[in-house]
Structures are given as C-alpha cells and as structure tokens.
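Convention: sequence-line order gives letters A, B, ...; per-chain numbering from 1.
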Number of protein chains: 2
Amino acid sequence: MNTLTSRQKEIFDFIKSKISNEGYPPTRMEISNFFGFKSPNAAEDHLKALKKKGFIDILSGTSRGISLSNSDDSIPVIGLVSAGSPMLAEENIEKKIPALPISSHGIDYYLRVKGDSMIDVGIFDNDLIAVNKDLKVKKNAIVIARIDDDVTVKTLKEISNNKVVLKAENDNYNDIIVNPNKVSLNFEGTCVGLIRNIS
Amino acid sequence: MNTLTSRQKEIFDFIKSKISNEGYPPTRMEISNFFGFKSPNAAEDHLKALKKKGFIDILSGTSRGISLSNSDDSIPVIGLVSAGSPMLAEENIEKKIPALPISSHGIDYYLRVKGDSMIDVGIFDNDLIAVNKDLKVKKNAIVIARIDDDVTVKTLKEISNNKVVLKAENDNYNDIIVNPNKVSLNFEGTCVGLIRNIS
DNA sequence: ATTCATACTGTAATTATATACAGTAATTTA
DNA sequence: TAAATTACTGTATATAATTACAGTATGAAT
C-alpha cells in the first residue's frame, strides 16, 4: 500500500470522522464544503487518489458509496516521554482508548499534559490532548514541539528559517524563542482536541 | 421506548446489516428492493415508524441519512435547551456519541457550553461537558443548575436550606445567590468530564 | 363503532449526488 | 527536461434519493 500525502490524509481522516460521528460517509459536496473547495471535483479527485492507493473503496453510482479498506480505532495514550525515544515508542504508551467522537481531524495519539503552562487556553495539568501528527503546523495552532529531547505543548506564534516562537499561554511563563539551526527542534504534531476527566 | 413489530424488526435488522457490511445505511429503494416492495414509500413509512419508536434517527434531505439510536453511540449531546423542556427532550438532542473513554463516572449526557463564564477552570465556549445526573451535588463541584428555566453551568460554593451560591469562574461575572424557597432551582447534574474539538 | 397503527401500491416533484470533461498551476518523479 | 502526480477551479448533466400526496386493506385499540 502506497503512502498518502498530508492533504490526502486530511481527507481520509475527515471521511473517518464523518463515519464515526454521523454514521455514514460524506458526499463530495460535504468534503468540499469542509475543506473550502469551490468545486466538488476537487473532492472527487481526492477520492480517486485514495482509492488508487487502496485506502478506500468506491461503489460507483451510489451516494455516499465510500467504504474504508481497513480500520483500527485503538489510539495510544502517551504519558511521560522518555528522552530520545520516538513519541509512539512502546515504553511511552500508557494505554489505548477509542478515538474522540467529535474531532474533525484524525487523531494519531493522545498526550497527557503536564504542568499549567497552557491554562489560558483551557488546557490544564493532566488533561489529555488529541494530537494529529501529519497536519502542517500553522501559526497560532497549539503544537507539540520537541526541543532537544524535551517535549512541550505551546502555541506556535512565529515560524521562519531562523526563528521559532513558542508561546506559553500563562503569564507566569516566558515565550520560548529558538533558532532551529542551533538547537534540535521537531514538531511532533498539532493539538486537535481535548479530553478531561473531572472527578 | 416502544416495541417493534416483527416486520419493523426485520427492517431495522436490515439497516444494521447494511451499515456493518457495506459501511453505510441503505436508501429507501434498497430497502424496497430487498423486501420486494413495489414502492419506495413502503420503506419510507417503515423508517418513520422506526424513528417514532426511537430506534433510528433520520436526517432530512440527506441521502442515506439514517443513524442508529441505540448502538454504542448512546449518549446524547444536548445543545440549546428550550425553556421548560426536560434536559433530555428530543428537541434538545443535537446528536449521539459514545461515552468518554476515560471518565470514572457514568455519563448521562453531554452539554454544549455557551459563553465564557467558566474559563478560569478551563471550560470554554462550545466545549462539551460530560454530565452525570444522579451524583449527589457536592460543594465545589461543577454543577448544571436550572434556575427558572434557565440552564447554567457553575461551581457550587454553598448549599443550605435557604441559600445556594453558584460561582462563575470568571472575574467578569458575579456569583449567583438564590433562595431555593423563592425561586425554582433544580440541579440537572454534575460535570464529570470535558471534550473539546480544536480546529 | 370508529379511530389509529400497520403494511403496503402508485405517482411525481424537487433536490441531492456522482461524475465526466476542460482547464490551471505547482511540485515530484523518471 | 519531459511526463506524471498533486491539488485544485468551473461547468454541466444524468441519475440517485428523499419525500410528499393519494390511495387500499387489515387488524388492534379506544
């Protein structure tokens, strides 16, 4: 099976979320509306690409005739991340739980938040954030960044070749300003949802 | 919930099998063809009966817009609450989604939060809070209260025979202090979790 | 006794949907 | 460096699908 481009993965994730949220797959129009396409043919082309790569099946002449080729809805919860290990390394996986039933984006893993650096945007200590690892990181998005083996959740305020500004959403913390040429900086994903257990 | 006739159960089972085999619900025509109906209206009538008895939901104007009401997706999401209507009245139900995968308490419904009166405890506009309606309301818990038909989410700070204090977790709002003997006050439940979709 | 629910047939209109064809432009691959 | 892939806009059309209205017939409930 071929690999998907990041855009194709977004489309694929949207289809999955529609199926799990509404109970049926989207139409070309619904895909186009969600992504802002001006023509349903943009969605049609994406569906053909997904079919060609073996991720979906399309039944022709059938409304919403999209079916997933293989589905697996068991998503890992990442607790503390060991220095140097990849996010999804087995040693970091706390347990597995189903997908958030409401996110319009795909969820690759949940990350347990440590600390209060993001309380101003309602992300508290011990919350679980849902992370998509393939979405292109965008300004003002809440991102999961790894700086020299240290994993942190912050708002991305500025990104250029030699300067990246990560903002803590809490006045008691300073912005993190790094030069990606001088320190090791990787984006592990974008925050697309949140789960909190209140006891 | 009413009981189904044997014919209605056959229709319902066919819908379930279609969803699990094909990945999407059937059309009226597909139902009619399977059962040998000569008119799609026969299927339409059955669907209306199933809806009336609460076994399915139908999204009007939507092809294959049938969703099962009592699968795993059994927890209702409450949007705006119409004045005077019970929380779980059909008119208030936005959709149904599965239980939060991590909550330690039972979840009776999700309530969509309107406004920013609870931002200091990380509950934001448009968040979904998970509500347990049978837990005994306790001091310092986040409760869902109905005061004269007005549903509100606040922290319960004080509760006695003639005085109840509900605190907004936002300095721009004042506490709500009511005498339960003088106004109609009901506790609709306790907040036991939170889901947020970040797009 | 009569209304109501069940279980359909038959027709038809409106809208929802799939999907082809003709393009443009940027990026990737051979 | 040409060809293919990706990622769309724009237009158009046949057909898929929902769903209303008008009936018929039977049995169960008020």
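A sub-4.0 Å separation between OP1 or OP2 of C/dA5 and a side-chain N or O of B/Q8 is absent. Residue A/H46 has a polar side-chain atom (N or O) positioned under 4.0 Å from OP1 or OP2 of D/dC8. Considering only side-chain N and O atoms, A/T62 lies nowhere under 4.0 angstrom from the phosphate OP1 or OP2 of C/dA18. When the side-chain nitrogen and oxygen atoms of A/K38 are compared with OP1 and OP2 of C/dG23, none of them lie within a distance under 4.0 Å. Contact between the side-chain N/O atoms of A/K48 and the OP1/OP2 oxygens of C/dA20 is found at a separation under 4.0 Å. Between B/R28 and D/dA17, a side-chain N or O to OP1/OP2 separation shorter than 4.0 Å is absent. Close to C/dT6, at under 4.0 Å from its OP1 or OP2, lies no side-chain N or O of B/R7. Look at A/S63 and you'll find a side-chain N or O under 4.0 angstrom from OP1 or OP2 of D/dA17.
For B/K154 and B/S117, the side-chain atoms include at least one donor-acceptor pair closer than 3.5 Å.
For B/F37, the side-chain atoms get nearest to C/dT9 when compared with the rest of D/dC8, C/dT19, C/dT9. Side chain of A/T5, nearest nucleotide from D/dA7, C/dT17, D/dT18: D/dA7.
Spacing between atom CG of A/L59 and atom P of C/dT17 amounts to 16 Å, rounded to whole angstrom units. In this structure, the CD atom of B/E44 is 12 Å from the P atom of D/dC21, given to the nearest Å. At whole-Å resolution of the value, OH in B/Y24 and P in C/dA16 are 21 Å apart. Rounded to whole Å, the distance from CG on A/D45 to P on C/dA25 is 17 Å. We find that CG of B/L4 is positioned 10 Å from P of C/dA7, with the value rounded to whole Å. In this entry the distance linking CG of B/L47 with C1' of C/dA7 reads 13 Å, nearest Å. Between the P atom of D/dT19 and the CD1 atom of B/I58 lies a distance of 8 Å, rounded to the nearest Å. Following rounding to the nearest Å, B/F55 (CZ) and C/dT6 (P) show an atom-to-atom distance of 12 Å.
Within the nucleic acid shown, B/S39 comes within 4.0 Å of at least one base atom, counting heavy atoms only.
Summarising the geometry, atom OG1 belonging to A/T62 is positioned 6.0 Å from atom CZ belonging to B/R64; distances are rounded to the nearest 0.5 Å.
The base of D/dT9 sits with one of its N or O atoms less than 3.5 Å from a complementary donor or acceptor on the side chain of A/N41.
By the criterion of side-chain heavy atoms lying less than 4.5 angstrom apart, applied directly or through intervening Ile, Leu, Val, Met, Phe, Trp or Tyr residues, B/I97 is grouped together with B/V192 in one hydrophobic cluster.
Contact check for A/Y173 versus A/D116: side-chain heavy atoms found under the 4.5 Å cut-off.
Between B/F12 and B/F55, the two ring planes are perpendicular [angle over 60°; tilted spans 30° to 60°]. Ring-plane geometry between A/H46 and A/F37 is classed as parallel, the angle between the planes falling under 30 degrees on a 0 to 90 degree scale with a further cut at 60.
Heavy-atom distances to DNA chain D give each of A/I11 and A/G61 a nearest nucleotide, and the one nearer the 5′ end belongs to A/I11.
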